[in-house]
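All remarks here apply to the structure that follows.
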Amino acid sequence: MSRYNPSQSEPRWRAAWDQADSFKSGADPSRPKYYVLEMFPYPSGRIHVGHSRNYTMGDVVARYKKARGFDVLHPMGWDAFGLPAENAARERKVNPRDWTYENIEAMKGQLQRLGLALDWSKEIATCDPEYYKHQQAIFLKFWEKGLAYRKSAKVNWDPVDNTVLANEQVIDGKGWRSGAPVEQRELEQWFFKITDYADDLTDGLEGLTRWPEKVRLMQQNWIGRSRGAHVRFPVANAAEHLGAEAVALGDRIEVFTTRPDTLFGAAFLALAPDHPITRHIAQDNPDIAAFIRRCEQMGTSEEDIETAPKLGVDLGLRVKHPLDPDWELPVWSANFVLSSYGTGAIFGSPAGDQRDLDFARKYDLPVKPVVLPPGADAATHTIEDEAFTGVGVVYNSAEWLNGLETPEAIETVISKLEEAGLGAGATTFRLRDWLVSRQRYWGCPIPVIHCESCGAVPVPEDQLPVRLPEDVSFDRPGNPLDHHPSWKHVDCPRCGKPARRETDTLDTFVCSSWYFARFTAPVEDAPFEAEAAARWLPVDQYVGGIEHAILHLLYARFFTRAMRDCGLVDLPSGEPFEGLFTQGMVVHETYRAEDGRWLLPEDVEERDGSVVEIATGKPAIRGALEKMSKSKKNVVDLDRFIADFGADTARWFVLSDSPPERDVEYTESGVEGVWRFIQRVWSTIDALPLSETLPKPVTPAAGAKGEALALRKTAHRSVAEVTDAIEGFRFNSGVAKLHDFANALRKTEGSNAEGMLAARAEAAGLLAQLLAPFMPHLAEEIWARLGGEGLICDAAWPEPEAALLEDETATLPIQVNGKRRSELVVAKDASPDEVEALARKDEHVKRVTDGLTIRKVIVVPGRIVNVVAN
RNA sequence: GCCCCGGUGGCGGAAUUGGUAGACGCGACGGAUUCAAAAUCCGUUUUCUUCGGAAGUGUCAGUUCGAGUCUGACCCGGGGCACCA
């Protein structure tokens, strides 16, 4: 009996796949296409077992779809621009380019050793000028179309990474990479007009039925569409308080509200502290200037905001109620009004909004309820400390409005406002435009030249790419492109006068917003071939981490729409990813020394129930299970793992036990279990007689009886079950079913029943085919051993024989009053009456119903019998 | 505070439309093999039990002939959003 040796077997099969060009896409355009993609990696160094889960899942799908007859595109590339390369340059004095390409080479080898069915002919690296020159062309196209623009705005500044960040990259007020608290700076920067698509991006979510509900919800919340109205309040005493500039600032104050139906409950207007009118009045009013300063000094952290009291100051300004000219309202400035949302101004309706109520109570402003909650009595309903924010019936308002239900009242008020020319229905969004400038070196240069006479001028297309200079110095902080002696000095392409090159680079999320399109045909003279993109897009199955739920996945959806509208891609929906799967991580135990150092799991051991560091003998602390990461020292290197156990073990392990969307814990014993399984499968195959005497593995063992028939049933049932599991992304269930199947096959060893050899040969062939997407090397080895034709990766997926999926008899559980008491073996086509009669005669049923009357017997054919007795 | 997801043996988890709860794996225990160990193989493994059976899927109620699955309230864990008008 031989053992299975992956280190000998696996390289042989990878060479065979390479030689046959097995995974080349587009080989047969008559087949339906299937595009499967895993989020491409950042070349950070080396791949560990944690990374491999993502690629393995995509690979199962790719291999399965190929077997199902699809022309599969499964490419791989490198999200190669980014800060770690610059940090490496600073710390180790290496060139970011060299560092990146070395990592790419190392990681490519690792991915290849994992046995992934990838089409490497489509490989791309975003830091390659061949890639980013097209990105620069797309940028210029967006600019031409008004989808890219430059403006001065308050932006998020990361003081550690020394660059600005998009809103999406600020998590809890901190930079997404550095974790440093973000500062606000007024800078002139490039933006993409993602807000143009805010509506469409929200509406499009509904069609993404193969996306996780959770991701769609997160995007919906992030875009934050609210429908309501803009309402303009005429200023009653503008001349007094705003002076000659009243007209410039507007003699009306516009607010946004989602509840125009509560307009008659208005008690005040409130402006943001940095609203232009607030600022203007503050020029001559020290009290208000002091208030603004005080608001600016307030923290922006979660805790600060939660505990911050409502603060405000009366600006002295008064406005007229838009639907009642005799009614004047005071105008305040309040710290809870944000200048960045809506119009930066609100009308306070204290009975219907908790913040307004808190504010009104504090400053003694009137609280008039105008919405009557369902079931409440108009005569007695009052508001104390809690506002009523729900829907109901309007009262205490204008005659024409009283008595209307909330939705109708909203519509009615909007029409009245429109008639009066003082408002209109409106939709606002939380989403802001995407800030894409970065003050970094290792990114795609923005192809713009700044000229004193001509302004910002696009680099002519025939001069693209604008290449990054390679002779850069990281000796001082800041952007090396700014410090470069010559790179930024160019002549204006329009007037020829000396000008300055834009030294900002594009956010690396721009690179990942269209790479999936370039994969379809990475040609030289275009971002991608329009025809190829039209055939392959959208991606049928995308696999990646949940951490990109908003960032990458939202940007890519925007970018695809923008490319569509620039005529670059023919994809009417604008949706790049038809199916999305967000996989869980591989987590592993962590250990720390008492002084806080992270320790490798192999550097600690258990002594008398507690953990100690082997080197020092000092106690160590067992930490939480954490996602594998270098900084926590709990990674398992993929090369090391493959050398010890083989790629198939890694693949099988990361798919076992936990559902794909949840985390899976890395354990030595789990890995050993996989190793045992592989050896057992191999020895089961090895126990079959030599291939010459065996039927070919695809031959049905027709006419089997008894034990042989039972094995055939198990085999064909397994085909159906494993197929379902793969289709439904339940790889852990597929793994379990394959365990069952392999165990069943193994149990038939030594049986001399009639027709058994043929049945075993057939089953072994089916087992190999079902294993193939999960453990492709072992599957090839078995296939060859059985004398299968060609490579198993080229074989068509097996179809179960329908007749073998059904039994002639059914085992029905019998319940009495819902409790299982017995079971009954009946013919599959037994009539309900027969089954009922048998159930009534059952010994256990008789015993349990002794002394009771059987009221009813429910027979669910083929499933269950329930006897109701009392 | 709002929204979403989850809670099943010692552990990871299975049970896809309401129909035999605990598949499969890990661990543990017992046995075989061995001078011994490793490896391997066989068996047991939800709990209680008077060995007939009884209880059991976070808690409490409900719907149903029948609930892990559906409904309501609550408890616990995880995630997202957050003075967003």
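All heavy atoms count here, side chains included; hydrogens, waters and symmetry mates do not.
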Partners meeting salt bridge (Lys or Arg N to Asp or Glu O under 4.0 Å) with Asp433(A) (sequence neighbours left out)
Lys193(A)
Nearest to the side chain of Thr811(A), heavy atoms from C-beta on, is which of rU20(B), rC4(B), rG25(B)?
rU20(B)
Heavy-atom donor-acceptor pair, Arg863(A) side-chain to rU20(B) base, under 3.5 Å
no
Roughly how far apart, to the nearest Å, are rG68(B) and rU16(B) at atom P?
13 Å
Decide whether Ser7(A) and Asn5(A) meet the rule of one side-chain donor and one side-chain acceptor closer than 3.5 Å.
yes
State which of rA85(B), rC26(B), rC81(B) makes the closest approach to the side chain of Ile346(A).
rA85(B)
Between Arg676(A) and Glu672(A), does any side-chain N to carboxylate O distance fall below 4.0 Å?
no
Rounded to whole angstrom, note down the P distance from rG72(B) over to rG22(B).
29 Å
Taking Watson-Crick and G-U wobble pairs with both distances under 3.5 Å, convert RNA chain B into its dot-bracket string, 5' to 3', dots for unpaired and | for cross-strand pairs.
(((((((..(((......[....)))((((((.......))))))(((....)))..(((((..]....))))))))))))....
Donor-acceptor pair under 3.5 Å: do we get one between Asp657(A)'s side chain and the base of rG12(B)?
yes
OP1 or OP2 of rA39(B) less than 4.0 angstrom from a side-chain nitrogen or oxygen of Arg3(A), does that happen here?
no
Quiz question: going by heavy-atom distance under 3.5 Å, is there a donor-acceptor pair between the base of rC83(B) and the side chain of Lys310(A)?
yes
Of Arg662(A) and Leu338(A), the one whose closest RNA chain B nucleotide lies more 5':
Arg662(A)
Does Asn221(A) get its side chain close enough to the base of rC81(B), under 3.5 Å, for a donor-acceptor pair?
no
Side chain of Ser669(A) (C-beta onward), nearest among rC65(B), rC26(B), rA82(B):
rC26(B)
In whole angstrom, give me the gap between the C1' atoms of rC48(B) and rU33(B).
37 Å
Would you check, one step at a time, whether the test side-chain hydrogen bond (donor to acceptor under 3.5 Å, both in side chains) holds for Glu168(A) with Trp222(A)?
CA-CA 9 Å; Glu168(A) 289 77 10; Trp222(A) 184 263; 2.9 Å; yes
